[in-house]
Participant: 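I'd like to ask some things about the structure below.
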Amino acid sequence: MHKTTILILLLSSVISSFGQSDQEIQHALKTVGPDEVKSVMTFLADDLLEGRQPGTRGFALASSYIKTQFMSLGLQPGVQGSYVQRVPLAKGIVNGSESKFILEAGGMSETFSYGSDFIMSPYMTNKESSVSASLIFAGFGVSAPELGYDDYKGIDVKGKIVVLLDQAPETFGNNERAYFSSPTIKYQEAVNRGAVGVIILVMSRRSSWEATVRRSAQGTLKWTDDQGIPSNSFEGLKAIAVINPANAEKFFKKSGKNLDAVYTALKAGKPQSFPLKLSAQLSVTTRHSHIESSNLIGVIPGSDPNLKDEYIVYVAHLDHFGIGNPVKGDSIYNGAHDNASGVAILLGIARTFQSLPVAPKRSIVIAVVTGEESGLLGSDYFVSNPTVDGPIVANLALDMPFFFHPILDVVPYGVQHSSLSKQVEAATKTLNLKISPDPFPEQVVFVRSDHFSFIKKGIPALFIKSGFMTSPSDTVNRAKSDVAWRSTTYHTPQDDMNQAFDFNAALTHVRLNFLIGLMVANDPLRPQWNKGDFFGLKFGKR
């Protein structure tokens, strides 16, 4: 029996109860071919688009292209007769020569050098900000009494600068660990506790210090509300500094503590908070500007009169880093895999839905968003200012899903938290795929893509990447090669179309995400958070 025929029979057994015929499924699966994914990626990753940085000509060209794709697919405009949702952004760039970090102890002081010793986050609500205060170490800066852990228990940080390590206890579940590793969550907790500044000591080493400095020089973006106030600006924190790991041990000498011992205890779930017997003078000068960017929103209206006002949102980010510091003689950060690939797959999913003679029962939103690389800005703006009238019941995000080789297994981030696991299990079984756990919990992938914006609003969401399983004929260790890609190509100008993409494998992501969304769209019941789930309890009632 032909492989495609077997696939169709498996599919029909899974989906027939939702009213889709074998013929409809077979036709839908044949709608998109590898060249369609390749062609979209080739245009979006071309040098002509100059890296698609928000606010640039290249991003505007990419947006115009996506809009015409929405039109050709027959998507309904999702923003009051338009495809374009305006996303106003505020940009802040630190003036390093005018920003200072002076560490003080016992009448002695040490002045750090901007760039080589430390960097700072822009202060988004004023040109200049400064603070002088004593330092107190607050571990990971995590307060999670529901998980039996609290770095702030027994200490008072009001009016102080808190010194924190990045990451979170390894005793947490992978996604809970990712959540509490988020700088935004750490900063908000520090503000809630009355701290006036934050110093981050980087222990994770996900990227080099040089790469961190290079990226910080591009500035910080925040979306703004109708009054022009930047979101998540943490105005109460007068300075936020990140320290070169080479200087981390200096903060513990006066306390009599050893950083390595403290770090080991923290990872094991044992809070370590204490005064550092130091103080610091911090000042930051910020240049501000405003940028106009946009999301693109298309809709496939549902067919059921009772369910069509409920929405499933597919999302992929369009932006990348534009033109930056040259690497190997190239300064255009094309973002082929990150994330022209996700946008191309998303358009393929839309085309697959549109090939059905009858639309799914719930409505489908196709959202191509801005500012993911700057902190999930476009998706957060959309879910905070939704352009659809009814409830969003589920989200699926497409972001750099990995297709450098045939796909035998997938890592569905978020699957363990909600009833979406039912659709994931059915769709992966249908496509003969295995489900693998998060291979790199320390990389906190769960909070680093657009699905997390939806989770914070209480919406069950998924973010699916390829796993590392290989066939007997594959002589390459995919775990090593894919990880090597992150260290050599990720977020560099070498992420262009001169890579060994497997566009047939990309179709696996089209089909898998389509099937999951189709089953969710036709299920009489909305997706639900699992009983007692951490994220459901924290966000599910919003």
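All figures in this text were calculated on a predicted structure; none of them were measured in a lab.
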Participant: Just wondering, do H320 and Q53 contact through their side chains at under 4.5 Å, heavy atoms?
Facilitator: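 No. Closest side-chain heavy atoms not under 4.5 Å.
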Participant: Judged by atom type as modelled, is there a donor-acceptor pair below 3.5 Å linking the side chain of D225 to the main-chain atoms of G228?
Facilitator: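 It does hold such a pair.
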Participant: In Å, rounded to the nearest 0.5 Å, how long is the span from CH2 of W223 to OG of S384?
Facilitator: 4.5 Å
Participant: Let me see the working for V163 and L201 under side chain to side chain contact (heavy atoms under 4.5 Å, CB included), right down to the final yes or no.
Facilitator: CA-CA 7 Å; V163 177; L201 307 182; 3.8 Å; yes
Participant: Report the C-alpha separation of F252 and N258 in whole Å, then their side-chain angles, then the decisive distance to 0.1 Å, and conclude whether the side chain to side chain contact (heavy atoms under 4.5 Å, CB included) test is met.
Facilitator: CA-CA 7 Å; F252 293 85; N258 175 270; over 6 Å; no
Participant: Let me confirm one number: the OG1-CD1 distance from T470 to I407, rounded to the nearest 0.5 Å.
Facilitator: 13.5 Å
Participant: For A133, is there any backbone N or O sitting under 3.5 Å from a side-chain donor or acceptor partner on K160?
Facilitator: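 Flag not set: sc K160 to bb A133 has no pair under 3.5 Å.
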Participant: Main chain of Y381, side chain of N385: is a donor-acceptor contact present, judged purely on distance under 3.5 Å?
Facilitator: yes
Participant: Would you indicate whether the side-chain heavy atoms of D319 and R52 approach each other to under 4.5 Å?
Facilitator: no
Participant: Tell me, with the steps shown, if L259 and L165 meet side chain to side chain contact (heavy atoms under 4.5 Å, CB included).
Facilitator: CA-CA 10 Å; L259 173 57; L165 304 188; 4.3 Å; yes
Participant: With the side chain counted from C-beta on, respond yes when P406 and D502 share a heavy-atom pair under 4.5 Å apart, and no when they do not.
Facilitator: yes
Participant: Does the side chain of L512 reach to within under 4.5 Å of the side chain of L433, using non-hydrogen atoms?
Facilitator: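 Result yes, sub-4.5 Å side-chain heavy-atom pair found.
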Participant: How would you list all residue pairs meeting salt bridge (Lys or Arg N to Asp or Glu O under 4.0 Å) that involve residues 92-111, not counting sequence neighbours?
Facilitator: E110-K250
Participant: Using a 3.5 Å distance criterion without hydrogens, assess whether the side chain of T370 forms a donor-acceptor pair with backbone atoms of S293.
Facilitator: no
Participant: With E372, which residues qualify under salt bridge (charged side-chain N to carboxylate O under 4.0 Å, His left out), at least two apart?
Facilitator: none
Participant: Residues two or more places apart in sequence or in another chain: which of them pass side-chain hydrogen bond (donor to acceptor under 3.5 Å, both in side chains) with H451?
Facilitator: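 If we apply the side-chain hydrogen bond (donor to acceptor under 3.5 Å, both in side chains) test to H451, skipping adjacent residues, there are no hits.
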Participant: Could I get the full list of salt bridge (charged side-chain N to carboxylate O under 4.0 Å, His left out) partners for R478, not counting sequence neighbours?
Facilitator: D474
Participant: Please answer whether the main-chain N or O of P460 pairs with a side-chain N or O of S418 as donor and acceptor at a distance below 3.5 Å.
Facilitator: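 Between the backbone of P460 and the side chain of S418 there is no qualifying donor-acceptor contact (under 3.5 Å).
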Participant: Less than 6.0 angstrom separating the ring centers of F446 and Y413, yes or no?
Facilitator: no
Participant: Would you list the pairs meeting side chain to side chain donor-acceptor pair (under 3.5 Å) in which at least one residue belongs to residues 123-138, sequence neighbours left out?
Facilitator: Y123-K238
Participant: Do you know the tightest heavy-atom contact between A138 and I155?
Facilitator: CB-CD1, 4.0 Å
Participant: Indicate yes or no for a side-chain donor-acceptor contact from D166 to the backbone of V202 under 3.5 Å, with no hydrogens or angles considered.
Facilitator: no
Participant: Just checking F452 against F463, ring centres under 6.0 Å apart?
Facilitator: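 Ring-ring flag for F452/F463: false, centres at least 6.0 Å apart.
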Participant: Applying side chain to side chain contact (heavy atoms under 4.5 Å, CB included) to T220 and K222, what does each step give before you reach the verdict?
Facilitator: CA-CA 7 Å; T220 295; K222 304 284 186 180; 3.9 Å; yes
Participant: Any side-chain to backbone donor/acceptor pair from N244 onto S116? Under 3.5 Å, distance only.
Facilitator: yes
Participant: Identify each donor-acceptor pair in which a side-chain atom of residues 330-343 lies under 3.5 Å from a protein atom, sequence neighbours left out, and give them as a table.
Facilitator:
unit_1 : atom_1 : unit_2 : atom_2 : d
D330   : OD1    : I332   : N      : 3.1
Y333   : OH     : N325   : O      : 2.7
N334   : ND2    : A45    : O      : 2.9
N334   : ND2    : D47    : OD1    : 2.8
H337   : NE2    : F402   : N      : 3.0
D338   : OD1    : H317   : NE2    : 3.1
D338   : OD2    : H491   : NE2    : 3.1
N339   : OD1    : G342   : N      : 3.0
N339   : OD1    : M400   : N      : 2.9
N339   : ND2    : H317   : O      : 3.2
N339   : ND2    : L398   : O      : 3.0
S341   : OG     : H337   : O      : 2.7

Participant: Verify, without hydrogens or angle tests, whether Q218 (side chain) and G322 (backbone) share a donor-acceptor contact under 3.5 angstrom.
Facilitator: no
Participant: Do F140 and F180 pass the ring pair (Phe, Tyr, Trp, His ring centres under 6.0 Å) test, and can you show the C-alpha distance, the side-chain angles, and the key distance before you say yes or no?
Facilitator: CA-CA 8 Å; F140 289 125; F180 284 110; over 10 Å; no
Participant: If the threshold is 4.0 Å, N to carboxylate O, is there a salt bridge linking E189 and R193?
Facilitator: yes
Participant: Quick one: is the NZ or CZ of K267 closer than 6.0 Å to the six-membered ring centre of Y263, and within 45° of its axis?
Facilitator: yes
Participant: T224 and A90: which non-hydrogen atoms are nearest, and at how many Å?
Facilitator: CG2-CB, 3.6 Å
Participant: Under the side chain to side chain donor-acceptor pair (under 3.5 Å) definition, can you give me all pairs with a residue in residues 168-184, not counting sequence neighbours?
Facilitator: N175-H417
Participant: Hey, does the side chain of T492 reach the backbone of T489 with a donor-acceptor pair shorter than 3.5 angstrom?
Facilitator: yes
Participant: Quick one: do F251 and F137 satisfy ring pair (Phe, Tyr, Trp, His ring centres under 6.0 Å)? Show the steps, please.
Facilitator: CA-CA 9 Å; F251 289 82; F137 181 67; 9.8 Å; no
Participant: If every non-hydrogen atom of F172 is compared with every non-hydrogen atom of A144, which pair is closest and at what distance?
Facilitator: CZ-CB, 4.1 Å
Participant: Would you check if F59 and L318 make a side-chain contact, meaning some heavy-atom pair closer than 4.5 Å?
Facilitator: yes
Participant: Not counting sequence neighbours, which residues clear side-chain contact (heavy atoms from CB on, under 4.5 Å) with K253? List them please.
Facilitator: none
Participant: I want to check something: taking the side chain as every heavy atom from C-beta on, are I161 and L282 in contact at a cut-off of under 4.5 Å?
Facilitator: yes
Participant: Sequence neighbours excluded, which residues qualify as side-chain hydrogen bond (donor to acceptor under 3.5 Å, both in side chains) partners of S487?
Facilitator: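 Result, side-chain hydrogen bond (donor to acceptor under 3.5 Å, both in side chains) vs S487: none returned.
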Participant: State which residues pass side-chain contact (heavy atoms from CB on, under 4.5 Å) with S216; sequence neighbours excluded, sorted by chain then number.
Facilitator: Y114, I119
Participant: Keeping N395 on the side-chain end and V313 on the backbone end, is there a donor-acceptor pair under 3.5 Å?
Facilitator: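 At least one qualifying donor-acceptor pair exists.
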Participant: Atom CG of L103 and atom CZ of F118: how far apart are they, to the nearest 0.5 Å?
Facilitator: 11.5 Å
Participant: Tell me every residue that passes side-chain hydrogen bond (donor to acceptor under 3.5 Å, both in side chains) with W485, counting only those two or more places apart in sequence or in another chain.
Facilitator: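 side-chain hydrogen bond (donor to acceptor under 3.5 Å, both in side chains) list for W485, sorted by chain: Q499.
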Participant: Does any part of the side chain of I459, heavy atoms only, come nearer than 4.5 Å to the side chain of V383, both counted from C-beta?
Facilitator: yes
Participant: Could you state the interatomic distance from OG (S283) to CE (M120), rounded to the nearest 0.5 Å?
Facilitator: 6.0 Å
Participant: Given side chains that start at C-beta, do those of W209 and P245 come closer than 4.5 Å, heavy atoms only?
Facilitator: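 Yes - at least one pair of side-chain heavy atoms lies under 4.5 Å apart.
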Participant: Which heavy-atom pair separates P527 from V520 by the least distance, and what is that distance?
Facilitator: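 Looking at all heavy atoms of both residues, the closest pair is CG-CG1, 3.7 Å.
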Participant: Among side-chain atoms of S379 and D450, is any donor-acceptor pair under 3.5 angstrom?
Facilitator: yes
Participant: Going by side-chain hydrogen bond (donor to acceptor under 3.5 Å, both in side chains), name the residues that satisfy it together with Y314, two or more places apart in sequence or in a different chain.
Facilitator: none
